[in-house]
Amino acid sequence: MEKIEHSYFQKRDFSGVLDRNLKKLEKRLGVTLTVRGDSLLIQGSAEKEEFAKFFFAKINELEEKGFQLKEDDLQIALDILEESRHNRLEDFFPSETLTLSRKSVVPKTFNQREYIKAIREYDLVFGIGPAGTGKTYLAMAMALSFLQANHVTRIILTRPAVEAGEKLGFLPGDITQKVNPYLRPLYDALFDLTQSEQANRLIDQGIIEIAPLAYMRGRTLNSAFIILDEAQNTTREQMKMILTRTGFNSKMVVTADITQIDLPQPKKSGVLQAIKILSPIKEIAIVYFNEKDVVRHPLVQKIIKAYDKEEKRSRK
């Protein structure tokens, strides 16, 4: 058993953050953690105790340098150090906060931080990963942030309307009413991030446009922040079409969950081809998410891992 003296436990704000994270950290580190006064007791295998000691020493260094860590920062720090012990945590903190009209948004995982950084630095970004990892939500937050800062003059939100088991023609209403359910997740993210009155006004003024992918053909989108959501359901022709719509002073974010392709021939998904042929282009960023980035109900992580395990088994 290792016993570590940590001065940062005397700081009430950080000790509270650590106390709320003890169970999560125990699970991630594979050790038992006990706080006793100004000491932290770590119990586990020699290898896991050694890494835990290293982790808390690095956290202590951040605190001593004046960094104010939040709950999610501990998990992000773990991701960074698990990737490489040579990573300097101070290069990744503090987390960038996106302050919008209704709420502030902070990335909760290392990959989410890299995603936001990539969107800021690159004009075309692919966000690839399972449901609940924040791909669409963070892209929407960045779009609103760019609009708020006058970096773009409009936001274009689009999705392919693909029949995932249901027939579109049997839905009631005109074409707009038929397609609207496919666009609802984009509306949900938008109205969660900004005041409903403001969002409705921007939509009415055409500053924010939410439309099916088919409506993008033949257009040139200048000074726009474009989000293509659910891109795993684009055909190769659709993907090429939307990628070539980008005009001057525009950014495009393409989100996709390649484990949930609803096309009749999944291997012909436009996003799979795009990742393959565009990855060598240095001006394009591709950020991959995994189950660690899921910020929904904890059960979602387990569901994703179970499906991944079954898919790998079935491929053997």
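Nothing here was measured: the structure is a model prediction, and the numbers come from that model.
Salt-bridge annotation for Arg219 and Glu209: present, with a side-chain N of the basic residue lying under 4.0 Å from a carboxylate O of the acidic one. The pair Lys135-Asp293 fails the salt-bridge criterion, with no side-chain N (NZ, NE, NH1 or NH2) lying under 4.0 Å from an Asp/Glu carboxylate O.
Contact detail for Ser145 and Leu100: the closest heavy-atom pair is N-CD2, 3.8 Å. Taking every heavy atom of both residues into account, Ile76 and Pro107 meet most closely at CD1-O, 3.7 Å. Nearest heavy atoms, Arg154 versus Leu147: N-CD1, 3.9 Å.
Crowding of Lys108 atom NZ: a count of heavy atoms from other residues, nucleotides or ligands under 6.0 Å not exceeding 12. The environment of CD in Gln265 is sparse: at most 12 heavy-atom neighbours from other residues, nucleotides or ligands sit within 6.0 Å.
Between Phe51 and Phe54, the angle of the ring planes lies from 30° to 60°, which puts this pair in the tilted group.
Side-chain contact check for His151 versus Lys251: every heavy-atom pair is 4.5 Å or farther apart. Between Thr220 and Phe248, the closest side-chain pair of non-hydrogen atoms is not below 4.5 Å. Two residues are said to be in side-chain contact when any heavy atoms from C-beta on lie closer than 4.5 Å; Phe126 and Leu278 meet this criterion. Considering only heavy atoms from C-beta on, Lys23 stays 4.5 Å or farther from Lys27 through its side chain. No side-chain heavy atom of Phe225 sits less than 4.5 Å from a side-chain heavy atom of Thr153. Val254 has its side chain out of reach of Val125: every pair of non-hydrogen atoms, C-beta onward, lies at least 4.5 Å apart. Within the 4.5 Å cutoff, side-chain heavy atoms of Phe55 are placed close to those of Leu25. At least one side-chain heavy atom of Ile80 sits less than 4.5 Å from a side-chain heavy atom of Leu89.
Side-chain contact check for Ser223 and Asn249: no donor-acceptor pair (N or O, by modelled atom type) lies under 3.5 Å. Of the N and O atoms on the side chains of Gln232 and Glu230, at least one donor lies less than 3.5 Å from an acceptor on the other residue. No hydrogens or angles considered: a donor-acceptor pair under 3.5 Å links the side chains of Asp257 and Gln260. No side-chain donor-acceptor contact under 3.5 Å links Asp79 and Gln75.
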Q: Apply the test salt bridge (charged side-chain N to carboxylate O under 4.0 Å, His left out) to residues Arg85 and Glu50: give CA-CA distance (whole Å), side-chain angles for both, the deciding distance (0.1 Å), then the verdict.
A: CA-CA 12 Å; Arg85 293 195 182 195; Glu50 190 274 331; 2.9 Å; yes
Q: Just do the salt bridge (charged side-chain N to carboxylate O under 4.0 Å, His left out) check on Glu82 and Lys292 with the steps written out, would you?
A: CA-CA 12 Å; Glu82 283 178 346; Lys292 289 182 180 180; 3.1 Å; yes
Q) What do the steps show when you test Phe289 against Tyr115 for ring pair (Phe, Tyr, Trp, His ring centres under 6.0 Å), and what is the final call? A) CA-CA 9 Å; Phe289 297 87; Tyr115 187 51; 5.0 Å; yes
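Screening Leu228, Leu263, Thr235 against Pro160 for a side chain to side chain contact (heavy atoms under 4.5 Å, CB included) leaves a single residue, Leu228.
Checked by atom type and distance alone, the side chain of Asp192 never pairs as donor or acceptor with a backbone atom of Asp188 at under 3.5 Å. With hydrogens and angles ignored, the 3.5 Å screen pairs a side-chain donor or acceptor of Ser250 with a backbone N or O of Ala224. Proximity of a side-chain donor or acceptor of Gln112 to a complementary backbone N or O of Thr133 within less than 3.5 Å is detected.
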